[in-house]
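Have a look at the structure below before the remarks.
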Amino acid sequence: MKIPILLLFLLYTILGNSQELQKLYVAYDIFFNTDYPVQKKCILQCSNEVAHFITYLNPKNNSSNETEEGPVVTQGKDNEVIIQLKEIDKVNFTDLKAAKIISTESKSDINYRIEEAFPTMHWTISEEETRLINQYRCNKALLTFRGRKYTAWFTTDIPMAFGPWKFHGLPGLILEIYDEDNRYHWSATRIQYPYTSDKPISLLKPERKGYQNITLTDYVILADKLQNQANDKILAQLPRGYTGRQLTIARHGLELQYEWEDAAKGFSEK
């Protein structure tokens, strides 16, 4: 049966608009298997075009009002998620249309609002390897991003191209992802899809007061400078004539090597 072009256009417009209205709420746990192991709660709320990912402070430091899904998270009218800002540790705001990511970080008691151009993530998807996570059939995908190698499990049953932190670009929601050393491990614990709240996705506005605007490139330069200064203080306290190994910059966070840097510099977490 032939369908008139005008009818097809109207059909695609309606479907497109309805898809844009689809929203998603996911609660994650993240395990930091670092020098000081800790588990934190995270929340992802997104539509097809924008995503807010929020990491909370260590629940042990929060009030007794915390919930299983995250600290001091309550649900108001129309399923609105209410979060006390004092509990928030870090935020990542991804905007597909504007092709940028805005993140929050703190250095030397100064809060920064970091803006970066949308990073490309080159995923390798395995059609054969599958798992069931929270009753969703998931496929495996591999990624090398900024110095770490990740394994992700995503489901096309939820066609949202987001996941925890800055991860994006797969044809479905990421329910679990971890690096090859299992130093960082995110796992979805609760999923609401579709998320029926009429409220816009703005759990925390990126232009929050008290934050200094900075580009990612400038922030990396600043962080390395502060690390060098810390190294200099350590060297200054060593005995005169010390001839041991020279201290060098050692990045310990999620991002070890940036795409604009020369890999020969050999930044590592050692």
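Just the heavy atoms: all of them, side chains too, but no hydrogens, waters or symmetry mates, feed the values below.
- Distance check: Leu143 CG to Trp123 CH2 gives 4.5 Å after rounding to the nearest 0.5 Å.
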**Study point:** Stepwise side-chain contact (heavy atoms from CB on, under 4.5 Å) test for Ile102 and Arg113
**Key:** CA-CA 7 Å; Ile102 297 171; Arg113 176 185 179 272; 3.1 Å; yes
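- With sequence neighbours left out, the ring pair (Phe, Tyr, Trp, His ring centres under 6.0 Å) criterion links Tyr258 to Trp260.
- Residues Leu256 and Gly253 share a closest heavy-atom pair of CD2-O, 3.6 Å.
- Atoms OG1 and CG, from Thr155 and Leu173 in turn, are 7.5 Å apart once rounded to the nearest 0.5 Å.
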For residues 135-142, run the donor-acceptor check on the side chains, cut-off 3.5 Å, and write out each pair with its distance to 0.1 Å, sequence neighbours left out.
{"from": "Asn139", "atom 1": "ND2", "to": "Ser126", "atom 2": "O", "distance (Å)": "3.2"}
{"from": "Asn139", "atom 1": "ND2", "to": "Glu127", "atom 2": "O", "distance (Å)": "3.4"}
{"from": "Lys140", "atom 1": "NZ", "to": "Glu129", "atom 2": "OE1", "distance (Å)": "3.3"}

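- At least one donor-acceptor pair under 3.5 Å links the side chain of Asn134 to the backbone N or O of Ala188.
- Residues Phe53 and Cys42 approach most closely at CZ-CB, 3.3 Å, considering heavy atoms.
- Note that OG of Ser47 is 8.0 Å distant from NZ of Lys23, once rounded to the nearest 0.5 Å.
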**Study point:** side-chain contact (heavy atoms from CB on, under 4.5 Å) evaluation trace for His185 with Glu176
**Key:** CA-CA 8 Å; His185 193 144; Glu176 185 175 2; 2.7 Å; yes
Practice item. Evaluate side-chain contact (heavy atoms from CB on, under 4.5 Å) for Phe31 paired with Tyr184, printing each intermediate quantity in order. Key: CA-CA 6 Å; Phe31 296 90; Tyr184 302 97; over 6 Å; no
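- Across Glu259 and Arg146, no two heavy atoms sit closer than the pair OE2-NH2, 2.7 Å.
- Linking Ile, Leu, Val, Met, Phe, Trp and Tyr whenever their side-chain heavy atoms come within less than 4.5 Å leaves Tyr112 and Ile221 in two separate clusters.
- What you find for Leu216 and Ile114 is that their closest heavy atoms are CA-CG2, 3.5 Å.
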Ignoring hydrogens and angles, write down the donor-acceptor pairs under 3.5 Å from the side chains of residues 156-172, residues two or more places apart or on other chains.
{"from": "Lys166", "atom 1": "NZ", "to": "Glu116", "atom 2": "OE2", "distance (Å)": "2.5"}
{"from": "Lys166", "atom 1": "NZ", "to": "Glu255", "atom 2": "OE2", "distance (Å)": "3.0"}
{"from": "His168", "atom 1": "ND1", "to": "Lys166", "atom 2": "O", "distance (Å)": "2.9"}
{"from": "His168", "atom 1": "NE2", "to": "Pro119", "atom 2": "O", "distance (Å)": "3.0"}

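- Rounded to the nearest 0.5 Å, atoms CD (Glu180) and OG1 (Thr151) are 8.5 Å apart.
- The distance from the CD1 atom of Ile30 to the OH atom of Tyr56 is 14.0 Å, given to the nearest 0.5 Å.
- When every heavy atom of Ile133 is checked against every heavy atom of Leu175, the shortest pair comes out as O-CD1, 3.6 Å.
- In terms of hydrophobic clustering, with Ile, Leu, Val, Met, Phe, Trp and Tyr side chains grouped at heavy-atom distances under 4.5 Å, Phe118 and Ile214 are assigned to different clusters.
- In this structure, CG in Leu222 is found 8.0 Å from NZ in Lys107, a value given to the nearest 0.5 Å.
- Under the side-chain contact (heavy atoms from CB on, under 4.5 Å) test applied with Tyr28, the options Leu44, Ile43, Thr189 reduce to a single match, Leu44.
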Exercise for review: Report the C-alpha distance between Leu254 and Phe145 in whole Å, list the side-chain angles of each, state the deciding distance to 0.1 Å, and finish with yes or no for side-chain contact (heavy atoms from CB on, under 4.5 Å).
Suggested key: CA-CA 9 Å; Leu254 279 163; Phe145 181 65; over 6 Å; no
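- Here the rule is side-chain contact (heavy atoms from CB on, under 4.5 Å) with Tyr178, and of Tyr150, Trp186, Trp153 only Trp153 fits it.
- A donor atom on one side chain and an acceptor atom on the other are not found under 3.5 Å apart for Asn213 and Glu115.
- Asp29 and Lys41 are joined by a salt bridge, as a carboxylate oxygen and a charged side-chain nitrogen come within less than 4.0 angstrom of each other.
- Heavy-atom minimum distance, Arg183 versus His252: NH2-O, 3.6 Å.
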